[in-house]
Peer 1: 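This is the structure I want to talk about, given as structure tokens.
Letters A, B, ... mirror the listed sequences (proteins, then strands); counts begin at 1. Predicted, not measured: the structure shown is a model, and the values here were computed from it.
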Number of protein chains: 2
Amino acid sequence: MADQKLPRREREKLRQRQEILSVALDLFSQKGYHNVAMHEVAAQAEFAIGTLYKFFQNKEDLYKALVLEECDRFEEILQAALAQTEDEVEKLRHYVRAKGQWCRDNLPFVRLFLAESRGASFNIKAGLDDELRQRYYVFMERIALIFERGIKNRRFKKIAEPYFLAVALDSVVDASLLLWLDAPERHPYPEDPEAVLGIFFQGLLEA
Amino acid sequence: MADQKLPRREREKLRQRQEILSVALDLFSQKGYHNVAMHEVAAQAEFAIGTLYKFFQNKEDLYKALVLEECDRFEEILQAALAQTEDEVEKLRHYVRAKGQWCRDNLPFVRLFLAESRGASFNIKAGLDDELRQRYYVFMERIALIFERGIKNRRFKKIAEPYFLAVALDSVVDASLLLWLDAPERHPYPEDPEAVLGIFFQGLLEA
DNA sequence: TTATATTATGAATTAAGTGTCAGAATATAT
DNA sequence: ATATATTCTGACACTTAATTCATAATATAA
């Protein structure tokens, strides 16, 4: 971050912006986008409403900024995890572990995302949905590439299309994290990525 | 349905109720719950607003009725599919096929569900979310039982806990249907349940 | 046919929440 | 210290949409 290079005033502003986003994330994730009034965000962040409108054109704009900036960070972390090794199996392990870790570190956002992300409810015009879906597809292509290379290498059998394998793996990771989120006492956090990957690596059918 | 036993007036009422629910489903699935006004539902269904409030206490109540009744039908169909055979592998095939078929037959509801179901946005107090989650868990237990029996039978290797296998399978089915929904030209409808089940049945790793 | 009961109607009420803007507060420049 | 520019403030205007209820329409009974 080049924050330090900016004049004091600008840095101050950035901090305020972050503060607003952070408060908004908390409130949205607790009560849902539609049940949070701009007044509430303002009050909680200790600004006047008018000030929020200095930073964000409107409520939707605030929400978009929140989601997109959070997703940027998420993607960076996953990229970094994938870059750690060349080995296909290891890449998958890193991916699963990093995704889990990030979710653990960003619970409020995860909750918000689960609650609102698919939300045609107010995103239909916003186009945020499309942007996120697009990003998701692009990322899945990356994971698909790992499977593809693994298949070329003869490390993997081609039990399905690489892209479908990617989406399937990702959705099982989500499912395992969701179980943990919903009932941590019954489904402890899946520390070991093998719990998920085992399903893909080993076949279910007895020979 | 015992509709025929009811006096004419009552049957008429039931039909009206269905009509309202059907219109509401269409509108909600197209524009999202929050972007549909009761006025719109009334207009589309050719009733006065007041009439809607004869049938449903309020908007949320209407939505709940819609979702719960639709889910009832869904569950019935899946139950029926599972009851068709005793063979574990066949049961899984029937399940995957029936779920896909139902989704195909109920696209508007599927869209609505994807858009709103997780929605803490307005369900937090409604408790609908909890009810649906509960039902989901109960249903997953049923699928888990299939895996459990298969493991006991030595038809399946125990590559993971039965319950987790159930949730994983279900989430991969969802993922494959979602791909089709989002981009039917690129990801054709998965007619053959083996496309999904193959991932579970065969292992990915080369021996 | 007339009286009575039931049901449907939609204008009016109420509530909630977004976004504006004139003026207050604060910062910067001279 | 004063003038000027910038930023912050929050009361309020305005919109939107849920719900109510007095009245009209319709059905049923006598």
Peer 1: Any side-chain heavy atom of B/Met38 sitting closer than 4.5 Å to one from B/Tyr53?
Peer 2: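 A side-chain contact exists here, since the closest heavy-atom pair is under 4.5 Å.
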Peer 1: Determine whether the aromatic ring centres of residues A/Tyr163 and B/His187 are separated by less than 6.0 angstrom.
Peer 2: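 Yes, the ring centres sit under 6.0 Å apart.
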Peer 1: What integer distance in Å separates A/Asn58:CG from C/dG19:C1'?
Peer 2: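 Whole-Å distance recorded here is 9 Å.
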Peer 1: Assign a letter to each nucleotide of nucleotides 11-17 of chain D from its 5' end: B, base within under 4.0 Å of a protein heavy atom; S, sugar-phosphate only; -, no contact.
Peer 2: -------
Peer 1: Is it the case that the side chain of A/Lys99 and the backbone of A/Val173 share a donor-acceptor pair, with hydrogens and angles ignored and the cut-off at 3.5 Å?
Peer 2: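 It does not hold such a pair.
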Peer 1: Between atom CG in B/Leu62 and atom P in D/dT19, what is the gap in whole Å?
Peer 2: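 Rounded to whole Å, this separation is 10 Å.
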Peer 1: Rounded to the nearest Å, what distance is computed from the NZ atom of residue A/Lys54 to the P atom of nucleotide D/dT6?
Peer 2: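 That distance rounds to 12 Å.
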Peer 1: Roughly how many Å is it from CG in B/Asp61 to P in D/dT20, rounded to a whole number?
Peer 2: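 That distance rounds to 12 Å.
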Peer 1: How are the rings of A/Tyr33 and A/Phe28 set to each other: parallel, tilted or perpendicular (split at 30° and 60°)?
Peer 2: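 Plane angle between 30° and 60°, so tilted.
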Peer 1: Nearest whole Å is fine: how far is D/dA25 C1' from B/Phe47 CZ?
Peer 2: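 So the two atoms are 15 Å apart, to the nearest Å.
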Peer 1: DNA chain D: A/Thr51 or B/Tyr53, which has the more 5' nearest nucleotide?
Peer 2: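 First, find each residue's nearest nucleotide; the 5'-ward one identifies A/Thr51.
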Peer 1: Enter the distance from A/Arg111:CZ to A/Cys103:SG here, rounded to the nearest 0.5 Å.
Peer 2: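 Answer rounded to 0.5 Å: 11.0 Å.
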Peer 1: How long is the line joining CG of B/Leu52 and C1' of D/dT20, in whole Å?
Peer 2: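 The distance from CG of B/Leu52 to C1' of D/dT20 comes to 14 Å, rounded to the nearest Å.
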Peer 1: Let me know the distance between CZ of A/Phe55 and P of D/dT7, rounded to the nearest Å.
Peer 2: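 Rounding to the nearest Å, CZ of A/Phe55 and P of D/dT7 are 10 Å apart.
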Peer 1: So do B/Leu66 and B/Leu112 actually touch side chain to side chain, heavy atoms under 4.5 Å?
Peer 2: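 Sidechains of B/Leu66 and B/Leu112: in contact.
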Peer 1: For the pair made of NZ in A/Lys13 and C1' in D/dT7, what is the distance, rounded to whole Å?
Peer 2: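 It is 8 Å, rounded to the nearest whole Å.
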Peer 1: So what does A/Gln16 touch, heavy atoms closer than 4.0 Å: a base, only the sugar-phosphate, or nothing?
Peer 2: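 Sugar-phosphate contact only.
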